[in-house]
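We use all heavy atoms of the structure for the numbers below, so side chains are in, but hydrogens, waters and symmetry mates are not. Lettering follows sequence order; numbering is per chain, from 1. Model, not experiment: these values are computed from the prediction.
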Amino acid sequence: DGGITQSPKYLFRKEGQNVTLSCEQNLNHDAMYWYRQDPGQGLRLIYYSQIVNDFQKGDIAEGYSVSREKKESFPLTVTSAQKNPTAFYLCASGSRGNEQYFGPGTRLTVT
Amino acid sequence: EDQVTQSPEALRLQEGESSSLNCSYTVSGLRGLFWYRQDPGKGPEFLFTLYSAGEEKEKERLKATLTKKESFLHITAPKPEDSATYLCAVQGANQAGTALIFGKGTTLSVSS
């Protein structure tokens with residue numbers, strides 16, 4: 001089955017710890033994206049990558065880092081510098097100029 | 001500044017009671033307008049892409065339309081399984097790469 005997988009579904013961390021969220025796709029899409037969703041707000045773009053070994057900051061990149069070493073994979077690291085990391089994180093992929101397809105999401109709770 | 005506003009925030013319907021959701025947008029050079037459905041705790045599911053004013057797309061009980069300033073998602077004779085949050089997003093010429101600008105969504109509840 002073609003699609004996007006994210007793991008884990010739920011993640012709990014202590015404040016001050018870095019954590020990495022996984023995103024894998026087998027749709028052969030060039031572009032991949034990370035969004036953050038908070039209650040009452042629209043999805044906000046964290047980082048995006050249009051090609052392997054290249055990525056760009058989105059609107060809320062501070063406190064996050066990414067890598068794009070393989071076409072299929074686009075992991076997101078939430079660092080201790082992110083002041084409000086508790087949120088629902090969504091990964092998406094798409095072909096240029098077309099619709100994006102989303103993974104099931106990872107709910108991160110930092111206490 | 002590119003932005004998307006969805007209304008109403010929440011909508012309650014009886015089964016079979018048709019209605020419409022609104023998505024107003026301001027964007028420089030619209031490349032596409034997208035509708036998604038999101039169930040609680042899950043990722044958005046793609047529904048439609050509209051590219052130019054006057055375009056319409058249909059899928060089961062849903063029909064999306066587009067003008068130069070807004071899009072409507074019409075729901076005909078809804079069923080309880082249509083209950084979800086519906087998200088609207090746009091892609092404009094000025095946006096970073098191919099990223100989307102999302103509205104906050106309309107949460108639809110359909111009761112039997």
Side-chain angles (χ1 to χ4, degrees), chain A residues 2-10 21 23 25 27 29-51 54-61 66 68 74 87-109, chain B residues 1-10 21 23-27 29-52 55 57 59 64 66 71 84-107:
Chain A
I4 302 173
T5 58
Q6 291 185 244
S7 62
K9 186 173 183 179
Y10 298 98
L21 282 59
C23 177
Q25 57 102 356
L27 300 168
H29 286 159
D30 288 319
M32 296 188 73
Y33 311 82
W34 275 104
Y35 292 89
R36 170 182 172 140
Q37 188 173 37
D38 295 284
Q41 297 200 39
L43 277 68
R44 291 182 291 167
L45 181 67
I46 304 172
Y47 267 98
Y48 68 99
S49 168
Q50 293 183 281
I51 197 169
D54 185 60
F55 49 83
Q56 305 296 327
K57 292 181 179 180
D59 299 322
I60 56 166
V66 295
R68 186 86 186 276
F74 191 40
F88 189 46
Y89 290 88
L90 289 160
C91 178
S93 72
S95 298
R96 293 192 183 195
N98 294 324
E99 60 272 6
Q100 295 176 15
Y101 295 90
F102 285 83
T106 292
R107 187 165 299 281
L108 172 64
T109 302
Chain B
E1 180 184 347
D2 297 344
Q3 64 180 24
V4 176
T5 303
Q6 292 187 246
S7 62
E9 289 185 14
L21 282 56
C23 172
S24 297
Y25 64 90
T26 304
V27 65
L30 180 70
R31 290 180 178 168
L33 184 140
F34 306 86
W35 281 99
Y36 289 86
R37 169 192 170 127
Q38 186 175 26
D39 292 306
K42 298 190 176 181
E45 173 191 347
F46 170 74
L47 294 174
F48 304 109
T49 306
L50 301 168
Y51 292 106
S52 57
E55 189 174 359
K57 294 273 181 75
K59 179 180 180 181
L66 180 65
S71 176
T85 296
Y86 291 85
L87 303 174
C88 174
V90 298
Q91 188 179 80
N94 289 340
Q95 282 157 235
T98 54
L100 304 179
I101 300 293
F102 281 85
K104 295 181 180 180
T106 293
T107 299

Atom NZ of B:Lys57: over 12 foreign heavy atoms under 6.0 Å: yes

Turns out that what part of A:Gln100 lies under 4.5 Å from chain B's heavy atoms comes down to both

Side chain to side chain contact (heavy atoms under 4.5 Å, CB included) filter on B:Thr49, not counting sequence neighbours, yields A:Glu99, B:Phe34, B:Phe46, B:Tyr51

Hey, does A:Tyr35 have a side-chain heavy atom less than 4.5 Å from the side chain of B:Leu100?
yes

Scored by heavy-atom pairs under 4.5 Å with chain B, the best of A:Gly40, A:Cys91, A:Ala92 is A:Gly40

Sorted by chain and number, sequence neighbours left out, side-chain hydrogen bond (donor to acceptor under 3.5 Å, both in side chains) with B:Thr26 holds for none

Has A:Gln41 got more than 12 heavy atoms of other residues, nucleotides or ligands less than 6.0 Å from its CD? yes

Main chain of A:Tyr101, side chain of B:Tyr36: is a donor-acceptor contact present, judged purely on distance under 3.5 Å? no

Okay, B:Phe48 and chain A: the region with an atom under 4.5 Å from a heavy atom over there is neither

So, the part of B:Glu45 with a heavy atom under 4.5 Å from chain A: the answer is neither

**Asked** Considering only heavy atoms from C-beta outward, does the side chain of B:Gln38 approach that of A:Leu90 to under 4.5 Å?
**Response** yes

